[in-house]
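Just so it is clear, the values below take in all heavy atoms, side chains as well, and ignore hydrogens, waters and symmetry mates. Position 1 is the first residue of the sequence; numbering continues from there.
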Amino acid sequence: MPALPCSACRMINCAEHGLTGHRPGAGKEEICPRFVVVPSWAGRRPPGRFHPAMVFRRNGRVGGGRAGRTTMRPPGRSGVGTPTVFISYTHDDDDAHRESVREFATLLRKCGVRAILDQWAVSGRQDWQAWATRCITEADFVLVVASRGYRRMGDGNGPHEENLGGRAEAALLRDLLQGDRRTWTKKILPVILPGHRVDEIPLFLQPYAADHYRVELTEPGIEGILRVLTQQPRHVPPPLGPPRALAPLSGPGSPSPRRGGLRWRDLPAPVPVIGRSELPDFHRGQGAVVEVHLVPADPPARLGVRHLRDAPHEVARLGRERGLFTPDEALKTGSSAEAAWACPADGRRGDAGLAIHRNGQRSCWFALPRATIGSVLDGPDLVTKVADRLGLLADLLRPLPASIVPAIGMDPVAMVRLAPSSELSASSARFPHLPPRIRPVADDAVSSEDLGRFAREVADELVARLVAVFPR
């Protein structure tokens, strides 16, 4: 490679390839074999003064600052590129729109984006069609500013003698999209300024099926579009870990079946269980109510308060789908900084509810069958209901943690006796003396996998703990 004139070169580093460019006074050039440094004026007459921009040639192609190219900058400057964007908009009737567009372009330039706007074009006679074509095809991105005028012109509607420049730009963009949709879908970015709507984006830019960018005319308000233009994502994916080898659950190579099936793991201390009476909208009904809970065995990542605020609708929907609530009953939903819940608006129609807590606990409750006198706890029937409620809780909003503590309780206990459901209509009954609330200690856990495979066995154990409180 011939030596470059010292007056046209600056020191260039490439962290990935160890690239070093020529600098004045250097005895030689150290160059990455995959790149050849050339001055940015290569192929044209050299400038009469020092020109700071340098480009590189890779595989025989010269790169610059345009789309698909890379500018190599002197060390000491930020690695973030300086993109060039052309702003396409229509000159609508009101001056306020043109001023908003200019204010938006000014903000972009203030933040390091080379925004090109017709209002800043050189004075004098101008071939605007040639100017716009050159700007659009050479820019890294084209920002289309949504407005009623642009939607009308972009869709080919409205008086043909109006807004000829906007019509020409929209026609060119449509043609570029048709010729290379993959490239130009990424380069043409619809922008919605304050006071405008998504339905003001032309149909050929897919206002609903593709991305658009709402902005406010402040630096924080253009952060989203700025990240796209400078290729600085808001979130960066973590490093990829090694693949996991997973054994089949059945067939050759699967683990041997466990003897005894379900396995419980003792915990060093009981986990605290939040009862429904601790919810802000707690309503104490007349009959006995069973509570079923799934509590994380290990402290999980806490749910965000914003997540809880958005959760009640999904909680209510899942409760209806899984039969905890009837399809036609009115529901009362709510949330706080610690929980989100749904329950019947009229407690007289049945005491039932579903909740998720910020610490990851999931809870549901339902009334025992009411008899002519008091309530009846039918063991086998309750096991079936509890197994179904465990499945409901497992599907609530987010995946279960690896280890979970199933818990059960009854609050209030009221007048309850152990009896089959066939005795609901009995005209006389004897009721044991019971505490006002039953909450067996929750001090052992099961895996979430076992909970899914052995839900009925878990339910049978929970009901047995509840029944054990009743005197024989």
Side-chain angles (χ1 to χ4, degrees), residues 270-295 319 322-326 329 332 341-355 361-393 405-444 455-472:
V271 297
V273 179
I274 304 170
R276 72 186 184 105
S277 60
E278 299 174 53
L279 292 173
D281 273 359
F282 169 66
H283 169 77
R284 186 179 294 275
Q286 299 299 316
V289 175
V290 175
E291 300 178 8
V292 181
H293 311 278
L294 291 179
V295 186
R322 301 296 287 272
L324 183 64
F325 310 125
T326 61
E329 69 179 320
K332 177 171 59 176
W341 61 88
C343 58
D346 184 358
R348 293 172 299 177
R349 295 191 61 186
D351 205 338
L354 186 60
Q361 176 183 320
R362 304 136 188 262
S363 304
C364 73
W365 54 94
F366 54 93
L368 283 177
R370 297 293 302 274
T372 304
I373 305 174
S375 301
V376 165
L377 194 163
D378 181 339
D381 178 67
L382 185 57
V383 168
T384 300
K385 290 181 178 178
V386 170
D388 180 68
R389 301 303 183 250
L390 289 173
L392 165 62
L393 293 177
V405 180
I408 197 168
M410 189 184 298
D411 181 16
V413 173
M415 298 172 62
V416 182
R417 60 193 176 96
L418 300 177
S421 299
S422 58
E423 296 186 14
L424 290 176
S425 58
S427 57
S428 63
R430 298 180 61 183
F431 296 92
H433 178 72
L434 297 170
R437 180 176 67 185
I438 300 174
R439 282 193 181 172
V441 175
D443 58 357
D444 46 9
R456 187 168 183 86
E457 287 86 339
V458 173
D460 188 56
E461 172 64 20
L462 294 179
V463 172
R465 297 178 187 183
L466 198 63
V467 170
V469 180
F470 287 71
R472 295 294 183 179

Check your understanding: With side chains defined as the heavy atoms from C-beta onward, is the minimum distance between Leu279 and Trp365 less than 4.5 Å?
Key -> yes
Point to revise | Side chain proximity check, Asp411 to Glu291, heavy atoms < 4.5 angstrom | key: yes
**Study point:** Which atom of Pro412 lies closest to which atom of Arg276, heavy atoms considered
**Key:** CD-NH2, 3.4 Å
Exercise for review: Quick one: list whatever passes side chain to side chain donor-acceptor pair (under 3.5 Å) with Arg370, sequence neighbours left out.
Suggested key: none
Check your understanding: Considering all heavy atoms of both residues, which atom of Pro344 and which atom of Ala352 are nearest to each other, and what is their separation?
Key -> CD-O, 2.8 Å
Study note, to complete from the structure: Closest non-hydrogen atoms of Ala419 and Val376, given as atom of the first, atom of the second and distance, are O-CG1, 2.9 Å
**Study point:** Flag, side chain of Glu461 to backbone of Val458, donor-acceptor distance under 3.5 Å
**Key:** no
Review point. Who pairs with Pro432 by side chain to side chain contact (heavy atoms under 4.5 Å, CB included), at least two apart in sequence or on another chain?
Key: Arg417, Leu434, Phe470, Pro471
Point to revise | Validation row: Val416, Met410 side chains within 4.5 angstrom (heavy atoms) | key: yes
Study note, to complete from the structure: Residues Gly275 and His293: closest non-hydrogen pair is CA-CE1, 4.3 Å
Exercise for review: Kindly write out the residues that satisfy salt bridge (charged side-chain N to carboxylate O under 4.0 Å, His left out) with Asp381, not counting sequence neighbours, or none if the list is empty.
Suggested key: Lys385
Point to revise | Main-chain N/O of Leu294 paired with Ser363 side-chain donor or acceptor, under 3.5 Å | key: no
Check your understanding: Do the side chains of Leu354 and Cys364 get nearer than 4.5 Å, heavy atoms only?
Key -> yes
Review point. Would you say Leu466 and Leu382 make side-chain contact, with heavy atoms under 4.5 Å?
Key: yes
Review point. Is Thr372 close to Ser427 at the side-chain level, that is, under 4.5 Å between some pair of heavy atoms?
Key: no
Practice item. Report yes or no: does Arg389 contribute a side-chain atom to a donor-acceptor pair with the main-chain N or O of Ala459 at less than 3.5 Å? Key: no
Exercise for review: Identify the two heavy atoms, one from Pro369 and one from Leu424, that lie closest to each other, and give their separation to 0.1 Å.
Suggested key: CB-CD2, 4.0 Å
Exercise for review: Write down the atom of Met415, the atom of Ile373, and the distance for their closest heavy-atom approach.
Suggested key: CE-CG2, 3.9 Å
Review point. Could you give the distance from CZ (Arg456) to CG (Leu390), rounded to the nearest 0.5 Å?
Key: 11.5 Å
